[in-house]
Amino acid sequence: MLEIGLEHPRLAALVALITGYILYSTFFDPLRNIPGPFLARRLPGWLAYQAFTCNTETAILEVHAKYGDVVRVGPNTVLAGSAEAVPKVLGYGEHYLDKGSDYNALVFHTPSIFSEVDKSIHSRKRRIAAHAYSMQSLMRMEDLVLENVAIFLHQMDQFARSGETMDAAEWFKFYAFDVIGDLAFGKSFGLLKRGVTGEFVTHISSGVEYTFVLFLLPSLLRPLSRFLVKWLPIPLFRELNHGFAYVKKETAQLVQERWEKRDDASPQRGDILGALIEATNPVTKERLGFGDLATNASTNIVAGSDTITISLTGILYRLLRNPDKAAKLVAEVRRPSLGDSTSFKDVQKLPYLDGCIKEGMRLTTPFAGPLPRISPRKGFEVAKHYIPPGTIVNVMQCQIHMDERIFPEPHTFQPERWFEDSGGRDLDKYFLGFSTGPRSCIGKNIAILEMKLLLYSLFRRYDLSLSPTTSNLRCLRLLVTKPLSPVLVNIRPAAPVE
Ligand code: HEM
């Protein structure tokens, strides 16, 4: 050894480094007892690699099946995948873990309600904004959503007349973007009317993909990627970066127009932006500033567009793959007591529709990526493993949704499992489509309103079936899931109810 050291100093340094690393990882590494794949435990980027190769769901289910409820997938990253982990990590009340600094990659203007990592700033902002997403504000938004439903149905009538198949993934995207444009900025993107994707939405999509890639990359690589995306003459990189800048600029401009008129005597338009402009902290009377409004408007577009698209696509796809279940939904929505003039009051409490939405979202997992949280100062215990302070912890939706200890026969589509008399209320705790706890989706009520009004109208008005040319639903799963393959649907006017 002494001879190697003297004659080959570089080799000696390498041997010393490897020996040091083996000693550290065997005796001192605080995560040394948490099992995981050999390379994944030691190198950063395992989750990013699975996302970029479209393999997240399969890989997550495999490592949990092989290594148990807690799996190490990086030098400082673990997956916690059991019922017990849900409240411990995502939490209820005061007890929940902080969001990790990866969320900084999702900041468009200033940190939004979504990307804010500081607990006290977040809860202050959420408290002010809560009114804008409440049931009371929802009632003001219903008419705006119904206007978009009407345009959607008008277009579907054309398909029903012509006998052409319609691509549900594409048309749900038009619907989702138009509604959220209308609600977040007071301006629909007009995709439903034109039947094609416009410039704004194309830029939004590339801007969002850019932030998701940054979010997934190990933090060390992020500054380098920002540099490469800006300066490398690769068209895709340029497009992604341009999309990000475009969204920032355009959203600020759209919000500016409304901001300037905020003190006009006339009431605000009944959309989220109007409600956010009016919103006041009930205790301190504090209001949101321009920066907060602009950042929340961009966040709402990102959080409420692809998520609705994939949820609706997944729900319809599963229903049409299971015609017996679709028939039960048809029986529910075509009850003569329900009117043709759709209203949320009527559709809100339809148990089968409710079950279809939860079950479709459970199987499709709209948020497929990690939602990283940081282990607290004293660490915590989950599934008999101690997780030391500062560890990044991920509860992956797909793992909880596919856990047969929680959802028996997890791969089957069973809307009935959500009925109250089948124990649906207990299952609700493990439905992570909108996540759970204090950082769960603040837009959930709006999303449910949009989806229920559309699905109700669709199944009441048409007979639907999958075209035989539709293959299995393939998806891109960066952070939010996106359909990659079309879902081709035959659409005919509904047969009269007997
Ligand atoms: C089906 C549609 C939707 C799904 C599946 C969904 C899902 C989620 C999930 C899983 C989270 C937690 C993310 C995390 O932990 O980092 C979240 C947060 C959030 N969502 Fe949604 N969402 C949907 C629709 C919407 C809509 C329509 C809006 C706005 C109008 C919205 C706004 C937000 C915001 C602002 C947050 C951050 C909440 C906070 O941290 O306090 N979402 N959403």
Side-chain angles (χ1 to χ4, degrees), residues 86 89-91 96-100 102-108 111-119 121-130 132-134 137-138 141 144-145 172-173 175-185 211-212 215 271-273 275-276 288 292-293 295-315 357-358 360-362 364-374 393-398 400-401 431-452 454-455 479-482:
V86 174
V89 175
L90 301 171
Y96 62 102
L97 304 192
D98 283 335
K99 281 193 171 182
D102 294 332
Y103 278 87
N104 292 332
L106 303 180
V107 173
F108 272 84
S112 67
I113 299 176
F114 192 103
S115 54
E116 179 60 68
V117 294
D118 183 294
K119 251 183 195 166
I121 302 181
H122 167 264
S123 69
R124 191 167 52 79
K125 285 184 179 169
R126 184 155 172 147
R127 203 145 182 228
I128 303 177
Y133 303 87
S134 65
S137 298
L138 206 66
M141 292 174 209
L144 295 174
V145 177
F172 287 153
K173 179 172 97 182
Y175 172 74
F177 271 99
D178 277 2
V179 173
I180 201 67
D182 220 344
L183 297 183
F185 297 136
T211 60
F212 287 175
F215 178 81
D271 52 23
I272 307 177
L273 184 57
L276 283 173
L288 295 173
D292 283 329
L293 288 172
T295 203
N296 282 318
S298 319
T299 298
N300 285 337
I301 294 279
V302 176
S305 50
D306 287 335
T307 48
I308 299 265
T309 307
I310 188 60
S311 300
L312 282 170
T313 306
I315 296 161
I357 290 179
K358 285 184 184 149
M361 287 177 72
R362 180 183 72 80
T364 315
T365 313
F367 259 78
L371 301 174
R373 302 297 194 257
I374 303 292
V393 189
N394 292 296
V395 174
M396 301 294 289
Q397 280 188 16
C398 63
I400 302 297
H401 285 175
F431 173 65
L432 298 187
F434 294 103
S435 192
T436 183
R439 299 301 305 248
S440 66
C441 181
I442 198 171
K444 176 179 167 183
N445 290 334
I446 298 173
I448 300 273
L449 170 86
E450 281 182 49
M451 294 196 287
K452 284 195 171 169
L454 191 75
L455 289 169
L479 179 53
V480 174
T481 307
K482 259 179 143 177

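Remember, it's 1-based here, ligands and their atoms both numbered in the order they're listed.
Near H122, meaning under 4.0 Å from one of its heavy atoms, ligand 1 places the atoms 39 (C), 40 (O), 41 (O). Remark: ligand 1 atoms within the under-4.0 Å shell around heavy atoms of P366 are 5 (C). Using a 4.0 Å cut-off to heavy atoms of L371, the atoms of ligand 1 that qualify are 14 (C), 15 (O), 16 (O). Interface of R126 with ligand 1, defined as ligand atoms under 4.0 Å from a residue heavy atom, comprises 38 (C), 39 (C), 41 (O). Distances below 4.0 Å separate heavy atoms of Y103 from the following atoms of ligand 1: 14 (C), 15 (O), 16 (O). Listed by number with element, the atoms of ligand 1 under 4.0 Å from a non-hydrogen atom of Q397 are 10 (C). Atoms of ligand 1 found under 4.0 Å from any heavy atom of R373, numbered from 1 in the order shown, are 14 (C), 15 (O). Those atoms of ligand 1 that come under 4.0 Å of a heavy atom in N300, given as number and element, are 29 (C), 30 (C).
Taking 4.5 Å as the limit, some side-chain heavy atom of N296 sits within range of a side-chain heavy atom of L276. T299 places none of its side-chain heavy atoms less than 4.5 Å from the side chain of S115. Using a 4.5 Å cut-off on side-chain heavy atoms (C-beta onward), K99 and H122 make no contact. In this structure the side chain of D306 reaches within 4.5 angstrom of the side chain of F177, judged on heavy atoms. Within the 4.5 Å cutoff, the side chain of I308 has no heavy atoms near those of the V179 side chain. Residues I448 and F434 meet the side-chain proximity criterion, which asks for heavy atoms closer than 4.5 Å. The side-chain heavy atoms of F367 and L432, taken from C-beta on, include no pair separated by under 4.5 Å.
Between the side chains of S298 and T295, no donor-acceptor pair is found at a separation under 3.5 Å. In this structure, a donor-acceptor pair under 3.5 Å is present between the side chains of N300 and Y133.
Note on ring orientation: taking the six-membered ring where Trp is involved, the planes of H401 and F431 are parallel (angle under 30°, cut-offs 30° and 60°).
Looking at T307, its side chain never comes within 3.5 Å of a backbone N or O of P366 through a donor-acceptor pair. Proximity of a side-chain donor or acceptor of R439 to a complementary backbone N or O of G437 within less than 3.5 Å is not detected. Between the side chain of K119 and the backbone N or O of Y96, at least one donor-acceptor pair lies under 3.5 Å. For K125 (side chain) and E116 (main-chain N/O), no donor-acceptor pair under 3.5 Å exists by modelled atom type.
At a heavy-atom cutoff of 4.0 Å, ligand 1 is contacted by no atom of A184, backbone or side chain.
Residue contacts with ligand 1: I180 is included, with a non-hydrogen atom under 4.0 Å away. Heavy atoms of K125 come nearer than 4.0 angstrom to ligand 1 in no pair at all. For E116, the heavy-atom gap to ligand 1 stays at 4.0 angstrom or more.
Ligand 1 has an N or O atom lying under 3.5 Å from an N or O atom of R439, backbone or side chain. Close N/O approach between K99 and ligand 1 is found [any backbone or side-chain N/O within under 3.5 Å]. Where the criterion is an N or O separation shorter than 3.5 Å, residue side chain and backbone included, I113 meets it with respect to ligand 1.
The CE atom of M141 sits 4.0 Å away from the CD1 atom of I446 when rounded to the nearest 0.5 Å.
The shortest contact between atom 1 (C) of ligand 1 and any protein heavy atom is with S311 OG, 3.4 Å. At the shortest separation from atom 5 (C) of ligand 1 among protein heavy atoms lies G433 O, 3.3 Å. Atom 30 (C) of ligand 1 has as its closest protein heavy atom I272 CD1, 3.4 Å.
Note on atom 21 (Fe) of ligand 1: protein N/O/S atoms under 2.8 Å are C441 SG.
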